[in-house]
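Everything below concerns the one structure shown next.
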Amino acid sequence: MTQRLCGRVAIVTGGSSGIGRAITRKFASHGAIVVVADITTDAIEGGRPVCDIVTEEGGKAVFFRTDVSIARDVDAMVAETVSRFGRLDILVNNAVLRAGKPLAETEEADWDRVMDVSLKGAYLCARAAVLQMLKQDVVGEARGRLIHISSQHGHMSAPEDFAYGVSKAGVAYMTRQIAADYAKDLIVSNAVAPGKILTGKGGRAVDPRWIEYSEGRAPWPRLGTPEDVANAKELTVITGKQKAF
Ligand SMILES: NC(=O)c1ccc[n+]([C@@H]2O[C@H](COP(=O)([O-])OP(=O)(O)OC[C@H]3O[C@@H](n4cnc5c(N)ncnc54)[C@H](O)[C@@H]3O)[C@@H](O)[C@H]2O)c1
């Protein structure tokens with residue numbers, strides 16, 4: 001297999017589980033050095049820590065315990081990445097927390113914790129990454145690339161998941177704003193906005209009511225997998241240019 005990310009240094013936030021886990025494995029399989037920035041090595045869906053799996057598969061992935069909602073954690077994680085691996089080519093802003101409640105049931109604490117991880121965390125990671133990328137040389141066409149995982153629910157309503165939907169709309173906006181401000185510096189900012197992805201997580205994620213809703217919205221005859229998103233990301237990194245929104 002052609003290793004299309006050979007030697008590139010990538011950070012994947014929330015890389016221990018779900019979609020971030022699949023992105024970590026995909027990037028590592030293409031030769032990237034992947035930093036998994038998560039609060040835990042435990043996978044929500046079960047299984048061994050992703051860095052162990054990548055190592056067994058012959059790739060390179062290291063875990064940095066990082067709470068993306070805390071600026072000093074994020075700044076230290078990016079600084080450590082650069083100190084160990086020399087630069088930062090790719091940030092995947094993927095970490096998420098959901099409350100799964102409509103407006104009237106959303107307590108202030110629910111709002112705060114969803115926003116802290118899903119929106120403020122994306123901002124803190126993007127800021128730390130861009131500050132580093134501005135200091136480094138251009139490789140290929142870009143000085144660095146940001147890939148934000150937004151969601152269909154950043155573009156249309158997220159039924160009974162109020163704070164999450166608002167956070168994802170914020171991520172979609174942030175993607176465009178960063179692209180507009182930093183394209184001149186050859187920093188690429190793109191988003192991938194998946195529909196429903198079956199990650200192996202239980203609870204609300206597999207509630208028949210929401211599965212039926214998602215199947216009703218999806219034109220493809222099956223729902224998405226984490227690998228579907230990882231493949232889209234790989235294409236975004238390799239071919240992605242600034243897109244006009
Ligand atoms: N699964 C879906 O159906 C779906 C659909 C569209 C978009 N998305 C987006 O894809 C991304 C990944 O979703 P998923 O379903 O794989 O998520 P998940 O819940 O399976 O995994 C989230 C990961 O984020 C980590 N995390 C939580 N809080 C953190 C913090 N404070 N700091 C660092 N890491 C933290 C968790 O430990 C976990 O490893 C999210 O941005 C989500 O919005 C998911």
Side-chain angles (χ1 to χ4, degrees), residues 11-26 35-51 61 63-78 91-100 112-126 128 146-159 161 163-172 174-175 191-207 210-211 213-215 217-218 220 222-230 232-233 236:
I11 291 170
V12 180
T13 72
S16 291
S17 301
I19 293 170
R21 186 176 173 90
I23 294 166
T24 297
R25 290 180 69 177
K26 172 64 73 174
V35 171
V36 174
D38 203 311
I39 49 174
T40 177
T41 56
D42 293 343
I44 294 169
E45 64 272 33
R48 286 177 306 129
V50 67
C51 295
F63 177 78
F64 286 0
R65 192 171 305 277
T66 312
D67 183 336
V68 296
S69 69
I70 298 175
R72 67 174 177 281
D73 269 27
V74 170
D75 294 346
M77 181 270 295
V78 171
L91 167 71
V92 181
N93 248 336
N94 167 83
V96 72
L97 206 66
R98 308 178 69 150
D112 285 348
R113 68 194 182 93
V114 170
M115 290 300 159
D116 276 356
V117 176
S118 303
L119 189 55
K120 181 182 166 194
Y123 139 68
L124 290 174
C125 291
L146 312 188
I147 307 171
H148 312 273
I149 310 282
S150 60
S151 169
Q152 63 176 349
H153 290 145
H155 303 277
M156 45 165 280
S157 61
D161 207 354
Y164 174 76
V166 176
S167 78
K168 289 288 142 179
V171 168
M174 192 164 61
T175 304
V192 174
K196 173 73 178 176
I197 304 297
L198 294 170
T199 61
K201 183 163 46 183
R204 188 183 198 269
V206 289
D207 182 330
W210 296 121
I211 293 290
Y213 159 82
S214 299
E215 286 173 344
R217 283 194 41 76
W220 199 249
R222 67 165 174 82
L223 295 175
T225 65
E227 290 70 31
D228 290 333
V229 184
K233 253 181 197 13
T236 306

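Both backbone and side-chain heavy atoms feed into the values below; hydrogens, waters and symmetry mates do not. Each ligand, and each atom within it, is numbered from 1 in the order the structure gives.
Under the 3.5 Å distance criterion, the side-chain polar atoms of Lys168 are matched with a main-chain donor or acceptor of Ile149.
For Asp67, the side chain to side chain donor-acceptor pair (under 3.5 Å) partners at least two apart in sequence or on another chain are Ser69.
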Steps toward side-chain contact (heavy atoms from CB on, under 4.5 Å) verdict (Leu146, Asn93): CA-CA 7 Å; Leu146 312 188; Asn93 248 336; 6.0 Å; no
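The aromatic rings of Tyr213 and His153 sit parallel to each other, their planes meeting at less than 30°, with 60° as the upper class boundary.
For a heavy-atom separation below 4.0 Å, the residues in contact with ligand 1 are Gly14, Ser16, Ser17, Gly18, Ile19, Asp38, Ile39, Thr40, Ile44, Thr66, Asp67, Val68, Asn94, Ala95, Val96, Val117, Ile149, Ser150, Ser151, Tyr164, Lys168, Pro194, Gly195, Lys196, Ile197, Thr199, Lys201.
Contact of the Val96 side chain with the Tyr164 side chain is registered, since non-hydrogen atoms from C-beta on lie closer than 4.5 Å. Using a 4.5 Å heavy-atom threshold, the side chains of Ile197 and Val229 count as touching.
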